[in-house]
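What follows is a single structure, written as structure tokens, with notes after it.
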Amino acid sequence: MPELPEVEALKDFLTENLVGHQMVRVLPVAISVLKTYDPPVTALEGHEVTAVRRHGKFLDVETGAGPHLVTHLARGGWLQWRDRLPDGSPAPRPGKGPLALRVALETGAGFDLTEAGTQKRLAVYVVRDPQEVPGVARLGPDPLADDFDQERFAQLLAGERRQVKGALRDQSLIAGVGNAYSDEILHAARMSPFKPTASLTPEETRRLYEALRTTLTEAVGRSRGLAAGRLKTEKKSGLRVHGRTGEPCPVCGDTIREVSFSDSSLQYCPTCQTGGRPLADRRMSRLLK
């Protein structure tokens with residue numbers, strides 16, 4: 001799933017390639033991708049793009065006097081830029097391939113929103129204000145904002161009664177961090193993903209805050225300036241523990257381990273994060289019974 005660094009890089013890429021250009025056609029190929037109906041998607045056509053912004057993991061294309069095109073790429077979604085879109089005839093057929101929505105500019109360039117896999121969660125909203133999107137309206141603060149300091153981070157965690165990985169992934173608490181970067185942040189902080197937030201000491205909170213800011217800032221830096229098509233590869237190459245089960249930890253050399261859940265998994269280093277103790281993998285335990 002694209003997280004804050006990749007969406008930030010997509011925002012920068014689209015700012016460079018969209019702003020100042022007019023959207024002449026917005027074609028939904030998978031009708032299920034549209035989560036709003038008023039204004040209609042055609043209300044975007046004929047408007048010039050004036051800005052591209054990021055809200056957590058949401059991309060927001062502004063059109064000045066027109067509506068906003070807001071999208072959440074979810075787990076299998078992606079944005080594919082095309083310097084030259086295919087000719088409009090025949091139009092793409094619904095249900096054929098991963099294409100979900102196409103945006104064409106007056107220059108003949110544009111982008112496709114695509115979604116791989118069987119779980120269709122890619123979401124597109126056409127709204128007058130991005131706060132009309134429920135997921136945007138309930139977002140917590142952005143962890144890379146100038147006013148997101150250690151004191152504010154500590155205040156956010158103070159009322160939490162859950163494991164620290166779940167707190168980092170909660171979009172209403174902190175916007176933009178998902179499964180992959182929460183693993184990376186916890187590894188950098190040398191902290192167990194199962195550690196209760198209520199037990200964090202001031203020193204641990206400081207360490208977690210610094211790991212959060214540093215991990216995200218460095219990931220944004222690696223992604224900045226890359227074309228949209230290269231961002232997935234860059235994300236994978238920059239991850240130190242997430243998705244690297246069985247590989248040696250780049251810090252201590254211990255074997256990276258995994259805990260599996262019904263729809264996701266986490267990775268961690270026992271030496272760096274849990275005092276050398278493997279975490280219980282309840283799903284695997286059930287399978288072995």
Side-chain angles (χ1 to χ4, degrees), residues 1-9 57 73-78 98 115-119 121-122 143 162-171 173-174 176-197 199-200 204 207-208 210-223 226 229-289:
M1 177 185 291
E3 299 180 33
L4 185 156
E6 295 76 49
V7 180
E8 179 73 10
K57 302 178 194 176
L73 295 170
R75 179 171 293 182
W78 196 244
E115 186 169 26
T118 57
Q119 294 185 342
R121 297 177 179 174
L122 174 67
R162 52 178 156 173
Q163 294 169 347
V164 65
K165 180 174 172 74
L168 289 174
R169 292 185 63 187
D170 184 348
Q171 300 304 292
L173 190 71
I174 301 169
V177 178
N179 193 34
Y181 285 106
S182 58
D183 281 354
E184 298 298 300
I185 291 163
L186 289 166
H187 179 255
R190 305 179 69 87
M191 191 173 296
S192 169
F194 290 172
K195 184 176 182 63
T197 54
S199 70
L200 289 171
E204 289 171 329
R207 204 164 74 232
L208 186 60
E210 291 181 354
L212 169 70
R213 296 275 289 197
T214 300
T215 299
L216 294 179
T217 299
E218 290 179 351
V220 169
R222 290 193 304 269
S223 299
L226 294 180
R230 295 178 55 195
L231 288 172
K232 285 185 179 181
T233 302
E234 171 53 44
K235 177 180 180 179
K236 290 179 181 178
S237 68
L239 298 175
R240 307 179 82 182
V241 291
H242 184 80
R244 300 195 180 277
T245 303
E247 297 181 22
C249 170
V251 174
C252 72
D254 194 2
T255 301
I256 295 170
R257 294 179 180 257
E258 175 176 315
V259 177
S260 299
F261 305 98
S262 60
D263 62 348
S264 65
S265 63
L266 65 82
Q267 284 79 41
Y268 69 100
C269 170
T271 295
C272 291
Q273 296 176 252
T274 61
R277 298 183 303 275
L279 297 173
D281 188 338
R282 296 178 180 84
R283 186 182 182 195
M284 292 304 297
S285 299
R286 288 197 300 271
L287 292 174
L288 293 173
K289 285 183 179 179

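Everything numeric here is computed off the predicted structure, so don't read it as measured data. If you read the sequence from its start, that first residue is 1, and numbering goes on from there.
Of all heavy-atom pairs spanning E234 and S237, the tightest one is O-OG, 2.9 Å. The heavy-atom pair separating A189 from R207 by the smallest distance is O-NE, 2.7 Å. Nearest heavy atoms, M191 versus E204: CE-O, 3.7 Å. Nearest heavy-atom pair across S182 and V177 is N-CG1, 3.8 Å. Of all non-hydrogen atoms in L73 and L122, the two that sit nearest each other are CA-CD1, 3.7 Å. The two residues N179 and S264 have their closest heavy-atom pair at ND2-CB, 4.2 Å.
The CD atom of E210 sits 13.0 Å away from atom CD1 of I185, with the distance rounded to the nearest 0.5 Å. To the nearest 0.5 Å, the span separating CG on L173 from OG1 on T197 amounts to 9.0 Å. Interatomic distance, NE2 of H242 versus NZ of K236, reported as 10.0 Å (0.5 Å rounding). Taken to the nearest 0.5 Å, the NE2 atom of H187 stands 6.5 Å off from the CD1 atom of I256. Put simply, CZ on R121 and CZ on R75 are 5.5 Å apart, with the number rounded to the nearest 0.5 Å. The structure places CD of Q163 at 7.5 Å from OG of S192, a figure rounded to the nearest 0.5 Å.
Contact check for L186 versus L168: side-chain heavy atoms found under the 4.5 Å cut-off. The shortest side-chain heavy-atom distance between Q273 and C249 does not fall under the 4.5 Å cut-off. Between V251 and C269 the shortest side-chain heavy-atom distance does not fall below 4.5 Å.
Residues that satisfy the salt bridge (Lys or Arg N to Asp or Glu O under 4.0 Å) test with R162, not counting sequence neighbours, are E160, D170.
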Take Q267 and R244, measure what side-chain contact (heavy atoms from CB on, under 4.5 Å) needs, and give me the verdict at the end. CA-CA 7 Å; Q267 284 79 41; R244 300 195 180 277; 5.9 Å; no
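Of the possible polar contacts, one joining the Y268 side chain to the L279 backbone as a donor-acceptor pair under 3.5 Å is found.
Ion pairing between K165 and D183 holds under the 4.0 Å rule for side-chain N and carboxylate O.
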